Amino acid sequence: MHASWTQKYRPRHLSEVAGNKDSILTLREWLTSWSGSPPKKKGALLYGPAGTGKTVTAEAASRDLGFDLVEMNASDKRSTALVERVVGTAVEQGSLTADKRLILLDEVDGIDPSTDRGAVEAMASAIERTRWPVVLTANDPWDPRLSALRSVCLMIQFKRLGLRDSIPYLKRICLSENIEIEEKALRFIVERNEGDMRSILNDLETLSAGTRTLAYDDVTWLGHRDRKESIFEVLGSIFNAKTCMWAKKAAGLANVDQEMLFEWLYENAPTQIEDPRDRARALEALAKADLFMARIRRTQDWGLLSYAIDLMTAGVAMSREHAKTGWVKMRFPERLKLKAKARRQKALKIAIGRKIASKCHTSTNNAIKYYLPYVKQMLEEESETA
Ligand SMILES: Nc1ncnc2c1ncn2[C@@H]1O[C@H](COP(=O)(O)OP(=O)(O)O)[C@@H](O)[C@H]1O
Ligand SMILES: [Mg+2]
């Protein structure tokens, strides 16, 4: 398995972390100040949105300044005990050992107050007594539950990465991945992810799978992250996807469920896919997807869903070997229209049947079966003579 880009390009040194230079400097100075007598605030709380480099910065700082990193996720139930132990050992052994430790409590806002009652207070008290710097991270530090921690920590804010910091950083990555990307496309990806570097890298990796060049038009179909895409855009993305991943990702953005998506694909595949051989392959993939969905309906074995989805997205996309020449309008699924029409007619029949039944002392079913045909005939003749 190859490493994802977020792992591959995970900054190892502070100089490699993009943006937030002032915050990084503050952390660096605070850590250096530990070489004398410990500073007043013995914790540093790095806070800000996800994917801005809080964890990475703490790790890189520890490496750059020669600390031994003791890292734990704060939401781990054992972490309170661990902090206590690490801090405790440190106090006892501090003067005997030459090592410098840095304790990283990652994601303190993930502590579950219902199961970890007192965890925050225990951590705050450990921080007051610690002999080693304790770095904490959180997305939302203003959570009232974290007030005990705030008062023992130096607060260091991490801001969303702007274009100025992220574009040069991403350009270097694209260069080393040998990908040519239009600057406008890069800007679109950064803005779409609101400066969340983790998501940006994930998007970029997905988009560049199987291609060496990315133009603005190759990335815009992603749309804005929080916005669900209209079904037309999603269908277009599936029919025109160049890789399996694109096709699957597009389906994830759809604002309809998989059965509806299937109907849309089924309706439009014959017109969207021009070449008869391609069309046959696409319909074959859809037929197989339909088999899986039928089995899911029958057995409720939802584990099969991923096969159905792969077939109707990647299967359809990969059936395209011949380029399309023009744009063809998407159509609303005819089957759904018919089904809806049939439902409406049935409801109307029942309503009429009930009225007849109450006047003619018979059941609704019988009224529909024996009376309604005559009523229908009479009304039709009436309109003819009128
Ligand atoms: N400022 C940054 N510079 C470079 N890469 C970053 C930055 N922020 C996040 N990343 C990328 O995102 C991934 C997650 O970063 P992380 O430090 O865990 O974010 P946070 O802790 O703020 O949620 C990293 O592996 C890295 O690839
Ligand atoms: Mg983190």
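Whatever order the structure lists them in is the order used to number ligands and atoms, beginning at 1. From a predicted model like this one, the values you see are computed outputs, not experimental measurements. The figures that follow rest on heavy atoms only: side chains count, while hydrogens, waters and symmetry mates do not.
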Please write down residue, atom name and distance for the protein heavy atom closest to [atom].
atom	result
atom 22 (O) of ligand 1	Lys54 NZ, 2.8 Å
atom 19 (O) of ligand 1	Gly53 N, 3.5 Å
atom 5 (N) of ligand 1	Tyr169 OH, 3.4 Å
atom 27 (O) of ligand 1	Thr6 O, 3.0 Å

Atoms of the protein (N/O/S only) found under 2.8 Å from the Mg ion (ligand 2)
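Less than 2.8 Å away from the Mg ion (ligand 2) sit Thr55 OG1.
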
Do Ile167 and Phe188 belong to the same hydrophobic cluster, where Ile, Leu, Val, Met, Phe, Trp and Tyr are linked whenever their side-chain heavy atoms lie under 4.5 Å apart, directly or via other members?
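As far as the 4.5 Å side-chain criterion goes, Phe188 and Ile167 are connected within one cluster.
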
A quick test of your reading: do over 12 heavy atoms of other residues, nucleotides or ligands sit less than 6.0 Å from [atom1] of [X]?
X	atom1	answer
Asp22	CG	no
Lys42	NZ	yes
Tyr266	OH	no

Cation over ring, Lys54 on Phe158, under 6.0 Å and within 45°?
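Pair Lys54/Phe158 does not count as cation-pi.
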
With heavy-atom distances below 4.0 Å as the criterion, list the atoms of ligand 1 near [X].
X	answer
Val56	15 (O), 17 (O), 24 (C)
Leu161	1 (N)
Ala50	23 (O)
Thr55	17 (O), 18 (O), 21 (O)

Return the set of residues passing side chain to side chain donor-acceptor pair (under 3.5 Å) with Gln345 (not counting sequence neighbours), or none when no residue passes.
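None.
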
Would you say that [X] contacts [Y] through its side chain, given a criterion of any heavy-atom pair below 4.5 Å between the two side chains?
X	Y	value
Arg10	Val56	yes
Gln157	Tyr47	yes
Asp196	Pro49	no

Option whose closest heavy atom lies nearest to atom 23 (O) of ligand 1, chosen from Ala18, Pro11, Gly51, Gly48
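Of the listed residues, Gly51 has the closest heavy atom.
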
Closest candidate by heavy atom, reference atom 6 (C) of ligand 1, pool Met197, Glu16, Arg198:
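When every heavy atom of Met197, Glu16, Arg198 is considered, Met197 comes closest to atom 6 (C) of ligand 1.
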
Give me the atom names and distance for the closest heavy-atom approach of Met197 to Tyr169.
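Closest approach of Met197 to Tyr169, heavy atoms only: CE-CD2, 3.5 Å.
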
Does Leu201 come within less than 4.0 angstrom of ligand 1, counting non-hydrogen atoms of the residue?
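A heavy atom of Leu201 does come that close to ligand 1.
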
Sidechain N-carboxylate O distance under 4.0 Å for Arg187, Glu183:
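Counted as a salt bridge, because a side-chain N and a carboxylate O are separated by less than 4.0 Å.
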
